[in-house]
Amino acid sequence: MSKSTDELFKNVISHAKEYGFVFQSSEIYDGLSAVYDYGQNGSELKNNIKTYWWKAMVQMHENIVGIDSAIFMHPTIWKASGHVDGFSDPMIDNKDSKKRYRADQLLEDKIERYSKDGKTEKAEKLQYDMDEALKGENLARLRELIIEHEIADPISGTRNWTEVRQFNLMFSTQMGAIADEADVVYLRPETAQGIFVNYLNVQKSGRMKIPFGIAQIGKAFRNEVIARQFIIRMREFEQMEMQYFVRPGTQREWFDKWKETRLKWHLALGTAPEKYRYHEHTKLAFYADAAYDIEFEFPFGFKEVEGIHSRTNYDLSQHQKFSNKKMQYFDPEVDPETGKPYGNYIPYVIETSIGLDRMFLLTMINAYEEEDLSTEEKQDSRVVLRLHPCLAPVKAAIFPLIKKDGLPEKARQIMDRLKVDFNLQYEEKDAIGKRYRRQDAIGTPFCITVDHQTLEDDTVTIRYRDTMQQERVAVADLDKIIGDKVSWKNLLS
RNA sequence: GCGGAAAUAGCUCAGUCGGUAGAGCAUCAGUUUCCCAAACUGAAGGCCGCGGGUUCGAAUCCCGUUUUCCGCUCCA
């Protein structure tokens with residue numbers, strides 16, 4: 001990371017706090033690690049990003065519908081999805097090599113070696129001890145076994161081990177008043193499962209025909225081992241996911257289509273294309289048959305913003321198995337090869353999953369500019385957020401040029417009419433130039449100034465954030481001028 | 001989780017040898033009425049992250065802890 005980009009990132013974080021975009025959670029109590037709150041401008045920006053996504057995905061596609069599923073779900077769902085077993089391994093670190101191992105894996109290796117060396121008795125004894133420890137979830141016992149059997153790190157060769165810890169990325173809590181094993185529920189680690197378990201409900205009640213999609217925006221929770229880099233990795237975060245259900249065999253074609261469609265969505269905001277790249281997963285997760293990430297070049301390097309995964313029929317098949325409910329879809333369309341309908345099958349799924357918080361950060365970084373406005377006479381600069389007008393938290397600010405002569409009253413009148421349609425701010429404090437700069441800092445695309453001439457001919461000046469140019473326009477035309485620039489048509493057509 | 005660094009006003013940061021905290025910007029009120037950070041006057045804002053210890057005395061030294069950043073690690 002070069003000094004200047006490092007500096008830039010720090011400045012964006014400071015700016016985000018100073019102007020009410022992002023605060024650390026529970027700051028007055030020293031903060032809560034890797035949890036953040038969105039402030040008055042941040043929540044507006046975040047909502048606008050959500051709206052852009054929702055409109056692009058749901059509203060613009062006749063065959064995609066949205067849902068809003070609960071964060072709590074039946075615990076068995078997480079067994080079916082692989083989240084319970086797949087990420088609750090006992091881990092141990094070697095302090096010298098700084099490598100992390102699965103404790104049971106280390107013991108298994110040792111058992112194998114005992115067997116090979118003909119020490120069958122020892123092998124059996126260790127196997128028994130280990131099974132007992134695992135069954136009882138006795139982590140301390142697992143560590144004892146590693147120490148007792150003098151297991152050394154294959155890299156460092158030392159036996160300088162940490163405690164054995166259970167890493168489970170899911171947060172759990174109890175449902176019901178009495179704490180009981182059976183009442184454990186998890187906070188969802190992804191929103192996708194809420195879509196899968198509702199797939200039949202939506203398909204039937206919405207009379208959806210394949211291919212169709214179900215979209216959802218919502219919070220997800222992961223108890224990350226380490227969470228850093230501001231809001232890049234948070235313990236509580238928000239995802240915007242769409243699962244697209246397709247006929248088996250067509251997944252590649254839809255995968256390619258969504259891969260392109262999603263990148264276009266990003267680029268429509270005006271981001272330089274070289275800031276984005278695809279990253280192909282070479283090592284695929286157990287449920288996937290293809291996976292690409294859309295990565296953005298953050299100041300600290302390219303990071304995943306969105307994943308497009310071909311999830312096969314893994315999730316639906318698993319839910320069919322665990323719930324004993326048929327997850328199949330009857331496809332009446334005629335297969336040209338056989339001349340018969342495609343019939344019953346479990347659909348394949350293409351997933352697009354974007355991290356809303358990362359998208360938010362990306363948008364802030366992209367928009368942030370420290371502009372040098374110095375002339376020969378004086379030094380001058382401004383911080384401006386060049387947000388797309390559709391995303392800007394405040395669409396326009398209305399200023400009386402001065403605080404008297406009836407100008408504030410006139411400005412209020414205009415404000416009252418426009419605020420029905422647009423999120424506006426009114427300011428009369430300080431010199432006009434300062435007010436302009438304050439709006440630049442939060443990315444407001446327009447500033448409307450009411451001056452003495454306004455009282456005579458009902459015209460105002462409108463000042464553009466990006467060019468700092470001003471124009472004199474009729475008050476009556478303001479709705480259209482602002483409306484045109486902040487219309488979603490600019491992004492969706 | 002390991003190693004390193006840091007934490008002082010809303011933001012960016014000073015703070016000497018251990019002697020009870022400052023600046024710039026920002027904020028608020030007033031004067032001024034001006035189209036790109038104007039000026040002037042005034043005000044508010046800090047248990048120096050938190051908890052211990054050493055000391056007559058700690059923002060400063062020591063220990064612990066929390067949070068943040070960097071590297072490694074992790075990320076079904």
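Lettering follows sequence order; numbering is per chain, from 1.
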So for atom NZ, which belongs to A:Lys50, do other residues, nucleotides or ligands contribute more than 12 heavy atoms lying within a distance under 6.0 Å? yes
Report yes if at least one side-chain N or O of A:Lys403 is closer than 4.0 Å to OP1 or OP2 of B:U33; otherwise report no. no
Tell me whether the side-chain N/O atoms of A:Lys17 come closer than 4.0 Å to OP1 or OP2 in B:C11. yes
Spell out yes or no: do the side chain of A:Arg463 and the base of B:C36 have one donor N/O and one acceptor N/O closer than 3.5 Å? yes
Distance below 4.0 Å between A:Ser81 side-chain N/O and B:A76 OP1 or OP2: no
Does a side-chain N or O of A:Arg438 approach OP1 or OP2 of B:U27 to a distance below 4.0 Å, or not? yes
Taking every non-hydrogen atom, the tightest pair across A:Glu428 and A:Arg435: CA-NH1, 3.5 Å
Pi-cation contact, A:Tyr426 with A:Arg412 (under 6.0 Å, within 45°): yes
Taking atom C1' in both B:G1 and B:G52, compute the distance separating them and give it to the nearest angstrom. 26 Å
Between P of B:A9 and CD of A:Glu27, the distance in whole Å: 10 Å
Using a 4.0 Å heavy-atom cut-off, does A:Ile432 contact any base of the nucleic acid, only the sugar-phosphate backbone, or nothing at all? sugar-phosphate
Measuring only the C1' atom in each nucleotide, how far is B:U66 from B:G51? A whole number of Å is fine. 10 Å
Is any side-chain nitrogen or oxygen of A:Thr449 closer than 4.0 Å to OP1 or OP2 of B:C35? no
Distance between P atoms of B:C61 and B:U16 (Å, rounded): 9 Å
Please confirm whether the shortest side-chain N or O distance from A:Lys434 to OP1 or OP2 of B:C36 is below 4.0 Å. no
Answer yes or no: does a side-chain N or O of A:Gln24 lie under 4.0 Å from OP1 or OP2 of B:U68? yes
